[in-house]
Amino acid sequence: MAKQDKLTPRSEDFNDWYNAVVQKADLADYGPVRGTMIVKPYGWALWENIQGALDSRFKATGVQNAGFPMFIPMSFLQKEAAHVEGFAPELAVVTIGGGQELAEPIVVRPTSETMIGHAYSNWIQSYRDLPLLLNMWNSVVRWELRTKLFLRTLEFYWQEGHTAHATAEECDERTRMMLDVYTDFAVNEAAIPVIPGVKSEMERFAGANQTLTIEAMMGDGKALQSGTSHNLGENFAKAFDIQYLDKNNELQYAWTTSWGLSTRFIGAIIMTHGDDNGLIMPPRLAPYQVVIVPIYKNEEEQVSVLEATNRIQQELVAAGIRVKVDDRENLSPGFKFNDWELRGVPARIEIGPRDVEKNSVALARRDVPGREGKQFVSQEGLGQTVADLLVEIQQALLDRATKFRDDNTHDVENYDDFKTAVSTGFARVWWAGDNADETRVKEETKATIRCFPIAQPGGSGTCFYTGKPADKIAIFGRAY
RNA sequence: CGGGGCGUAGCUCAGCUUGGCAGAGCGCUCGGUUUGGGUCCGAGAGGUCGUCGGUUCAAAUCCGGCCGCCCCGACCA
């Protein structure tokens, strides 16, 4: 195996790097229908860890999981004007069932607000029925024209939460609460320093009064919307007649929210942390946190090395660490090192005859390549040593990503500087433009308002584009 | 849907200009060898050359239709 084709360096062709890494790291493959994706076990394991981290957070806020049909009557979509207008171009529609032409076409859900609206209008009669807090883990279908593994496929996996409330205040609070959940998850589980903020009117979800988002910067400086939380106001309640009697026996419309995070987030992890050697998984979400590579020349060494390997594996498992032992025959250790680096396993333990003799192991960290990242440590207390290292790696990834984002985010005051800024990253600007201005900026620079950050500096300034007085700052960037 | 590129082994591709036995590297299987940063040797398996038609004694190769995929644009979690 003299030379196996290497990854295209990220700096050379980020897109090519991404496509190669997704497939070579065994996360996913293309499905037979254009734009569809097969998620492979390693990729799905990552998704399961994402699900676990989110699900427990949802439940901690009182949310329960449920399942709803993937088939939605076409007429449901049409009940909310903005909603149908937004989704009509990308619907998959079933017109034949069981060999018979259907009386009414059935839509494969692109999202479930309408199905939820239907159910909630039946379930909600009284203020005592509120709040109603449900979530579902499912897949949805949107007929996208241009697709890319994890980032945009015809079908994708996600969770969609749907809540109904008695008051506008509670609704608002829940919208914000779920944004905070996503932010906490992204920062503390995925080590991705997202910017929580408010979407502009143009980027708002079809049918929402307000869309909140977490925006992340990828390794090429482009933005990725990584999770969203929508305040739907009374829009869907009015369209689906979700009404309840309040304490004064007066009929009121409910206030609803919806919020989602998809397998797109896997793309965010890949593009935030990966390097020229492949993936780097954040330890808290990594399917395998440590890989052990045993090294031996002959049978005698094999026996003692594997004995030590098993013992160490058990100790690490007992310490709550997710461990993979690579006992594949006929593959050299060097090959395995590269292989697991490509797959992004955060830490690697090498055990050879010399280690058995000296009661040590070689411990390498994925985020620091080469010799610098490798150290020889005692087998004594290895569980704790590794656990500590994983915490350190998690923090280092967050620090590095934060620095990268900050280094590539620029405060600008004029259009020329703006264009320079968005060619490599984000521009942070005072903004007082309208939709037409935003459209023009997009046409001229490909950059859009990613969000108005929740954390506003206060005060006021001058809009870089219109020259008008502005009271809020916006983050602009080119987006996936 | 507009512009460009491409369909040959599981993957990456050569062969096509000038028609004449279906190829290489990687991967896979078997045997041996090796193993502390992408081991080496040997033997194998594997293809209706996207598809339909045309030209020809003869088509992966020339001509036409269709289908599909990739990249760039418009649309998007």
Side-chain angles (χ1 to χ4, degrees), chain A residues 1-7 13 15-16 19-20 23-24 29-36 85-91 110-111 139-148 150-160 182 199 202-206 208 211 213-216 223-230 258-268 277-278 293-299 301-302 305 326-342 348-358 360-362 364 369-371 373-374 376 442-443 446 448 479-480:
Chain A
M1 211 162 315
K3 48 180 182 286
Q4 184 162 324
D5 31 26
K6 300 217 160 136
L7 282 174
D13 187 339
N15 187 49
D16 198 52
N19 287 330
Q23 289 187 76
K24 290 189 179 187
D29 207 345
Y30 293 100
V33 172
R34 178 198 67 84
T36 60
E85 192 188 332
F87 280 105
E90 50 188 22
L91 293 178
T111 178
S139 70
V140 289
V141 170
R142 298 178 190 178
W143 215 263
E144 301 291 350
L145 298 177
R146 204 160 153 198
T147 60
K148 188 163 175 171
F150 288 118
L151 297 184
R152 192 175 301 107
T153 48
L154 296 198
E155 181 188 12
F156 60 90
Y157 302 91
W158 74 343
Q159 56 70 216
E160 47 174 318
Y182 289 146
K199 279 292 187 190
M202 290 192 62
E203 300 266 329
R204 195 178 288 163
F205 175 77
T211 289
T213 177
I214 51 173
E215 294 287 325
L224 187 73
Q225 179 174 315
S226 306
T228 48
S229 182
H230 312 292
S258 68
W259 25 277
L261 186 145
S262 75
T263 38
R264 165 179 271 196
F265 199 86
I266 290 176
N277 294 323
V293 179
I295 298 162
Y296 47 81
K297 290 203 254 304
N298 52 49
E299 236 173 83
E301 287 181 358
Q302 182 176 4
V305 165
D326 189 350
D327 55 3
R328 288 178 292 179
E329 302 280 351
N330 302 326
L331 286 179
S332 70
F335 182 91
K336 293 177 180 177
F337 298 165
N338 286 285
D339 196 36
W340 290 110
E341 280 171 6
L342 175 64
R348 180 181 71 242
I349 290 174
E350 307 166 14
I351 307 174
R354 297 206 294 273
D355 296 305
V356 172
E357 208 173 296
K358 294 192 289 190
S360 65
V361 300
R371 191 173 294 269
K374 203 191 285 200
F376 288 89
K442 182 181 180 181
E443 283 167 0
K446 293 181 182 170
T448 51
Y480 274 98

Using a cutoff of under 3.5 Å, can you pull out all pairs of nitrogen or oxygen atoms linking the protein to nucleotides 33-35 of chain B, with atom names and distances?
residue: B:U33; atom: O4; partner: A:Asn330; partner atom: OD1; Å: 3.4

Could you list, one pair per line, each protein nitrogen or oxygen that sits under 3.5 Å from a nitrogen or oxygen of nucleotides 67-69 of chain B, together with the distance?
residue: B:C69; atom: OP1; partner: A:Arg34; partner atom: N; Å: 3.3

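Checked by atom type and distance alone, the side chain of A:Arg264 never pairs as donor or acceptor with a backbone atom of A:Phe150 at under 3.5 Å. In terms of modelled atom types and a separation under 3.5 Å, the side chain of A:Thr213 and the main chain of A:Lys199 share no donor-acceptor contact.
Comparing A:Glu350 and A:Gly227 by the nucleotide of RNA chain B whose heavy atom lies nearest to each, the residue mapping closer to the 5' end is A:Glu350. Comparing A:Leu145 and A:Asn15 by the nucleotide of RNA chain B whose heavy atom lies nearest to each, the residue mapping closer to the 5' end is A:Asn15.
Distance A:Glu341 CD to B:G38 P: 11 Å, rounded to the nearest Å. Going from atom CG of A:Asn338 over to atom P of B:G27 covers 14 Å, rounded to whole Å. One interatomic measurement links the two molecules: NZ of A:Lys24 to P of B:G10, which rounds to 18 Å at whole-angstrom precision. Rounded to an integer number of Å, the gap from A:Phe337 CZ to B:G37 P is 6 Å. Rounded to whole Å, atom C1' of B:U12 lies 12 Å from atom CD of A:Gln23. For A:Arg371 and B:G36, the CZ to P distance is 13 Å, given to the nearest whole Å. Look at CG on A:Asn19: it is 15 Å from C1' on B:U12, rounded to the nearest Å. Between the CG atom of A:Leu151 and the P atom of B:C71 there is a distance of 12 Å, rounded to whole Å.
With rounding to the nearest 0.5 angstrom, the NZ atom of A:Lys358 is 6.5 Å from the CZ atom of A:Phe376. Between atom CG of residue A:Leu261 and atom CD of residue A:Gln159 there is a gap of 6.0 Å, rounded to the nearest 0.5 Å.
B:U51 sits 11 Å from B:U61 when the P atoms are compared, rounded to a whole Å. Comparing the C1' positions of B:G25 and B:G19 gives a spacing of 27 Å, expressed to the nearest Å. Nucleotides B:U56 and B:G20 are separated by 12 Å at their C1' atoms, to the nearest Å. Of the C1' atoms belonging to B:C69 and B:C63, the separation is 24 Å, rounded to the nearest Å. Comparing the P positions of B:U17 and B:A74 gives an interatomic distance of 40 Å, to the nearest angstrom. Comparing the same atom, C1', in B:U39 and in B:A9 gives a spacing of 26 Å after rounding to whole Å. Distance check on atom C1': B:U8 versus B:A22 gives 9 Å, rounded to whole Å. On the P atoms, B:A45 is 13 Å away from B:G23, given to the nearest whole Å.
Residues passing the side-chain hydrogen bond (donor to acceptor under 3.5 Å, both in side chains) test with A:Lys374, sequence neighbours excluded: A:Glu350. Annotation: side-chain contact (heavy atoms from CB on, under 4.5 Å) contacts of A:Tyr296 (sequence neighbours excluded): A:Pro294, A:Glu301, A:Gln302, A:Val305, A:Leu306, A:Glu329. The side-chain hydrogen bond (donor to acceptor under 3.5 Å, both in side chains) check on A:Ser262 picks up nothing, with sequence neighbours excluded. Scored by the side-chain contact (heavy atoms from CB on, under 4.5 Å) test, A:Arg328 finds A:Asp326, A:Leu331, A:Lys336, A:Asp339, A:Trp340 as partners (sequence neighbours excluded). Scored by the ring pair (Phe, Tyr, Trp, His ring centres under 6.0 Å) test, A:Phe87 finds A:His83, A:Phe205 as partners (sequence neighbours excluded). With sequence neighbours left out, the side-chain hydrogen bond (donor to acceptor under 3.5 Å, both in side chains) criterion links A:Thr147 to no other residue. For A:Asn338, the side-chain hydrogen bond (donor to acceptor under 3.5 Å, both in side chains) test picks out no residue, with sequence neighbours left out.
Side chain of A:Gln225, nearest nucleotide from B:G36, B:G38, B:A77: B:A77. Comparing atom distances between the A:Phe156 side chain and each of B:A77, B:U39, B:G36 picks out B:A77 as nearest. Among B:A77, B:G73, B:G37, the nucleotide with an atom closest to any side-chain atom of A:Arg264 is B:A77.
Within 4.0 Å (heavy atoms only), A:Arg348 reaches at least one base atom of the nucleic acid. The residue A:Leu224 sits apart from the nucleic acid: no heavy atom pair falls under 4.0 Å. Within 4.0 Å of A:Gly352, counting heavy atoms only, lies at least one base atom of the nucleic acid. In this structure, A:Thr153 reaches the bases: a heavy-atom distance under 4.0 Å links it to at least one base atom across the strands shown. Counting non-hydrogen atoms under 4.0 angstrom, A:Tyr480 reaches nothing in the nucleic acid.
Pair assignment for B:G7: B:C67, on the basis of Watson-Crick or G-U wobble contacts that are both within less than 3.5 Å. Remark: B:U61 base-pairs with no nucleotide in the shown strands. Criterion, Watson-Crick or G-U wobble with two distances under 3.5 Å. Nucleotide B:U55 forms no Watson-Crick or G-U wobble pair with any nucleotide shown, as no partner meets the under 3.5 Å limit on both distances. Pair check for B:C1 finds B:G73; Watson-Crick or G-U wobble, both atom distances under 3.5 Å. Base pairing analysis places B:U39 opposite nothing; no Watson-Crick or G-U wobble pair with both distances below 3.5 Å involves it. B:A24: Watson-Crick or G-U partner is B:U12, with both key distances under 3.5 Å.
One can find a donor-acceptor pair under 3.5 Å joining the base of B:G36 and the side-chain atoms of A:Asp355. One can find a donor-acceptor pair under 3.5 Å joining the base of B:G37 and the side-chain atoms of A:Lys374.
Looking only at side-chain heavy atoms (C-beta outward), A:Tyr480 and A:Gln225 stay at 4.5 Å or farther from each other.
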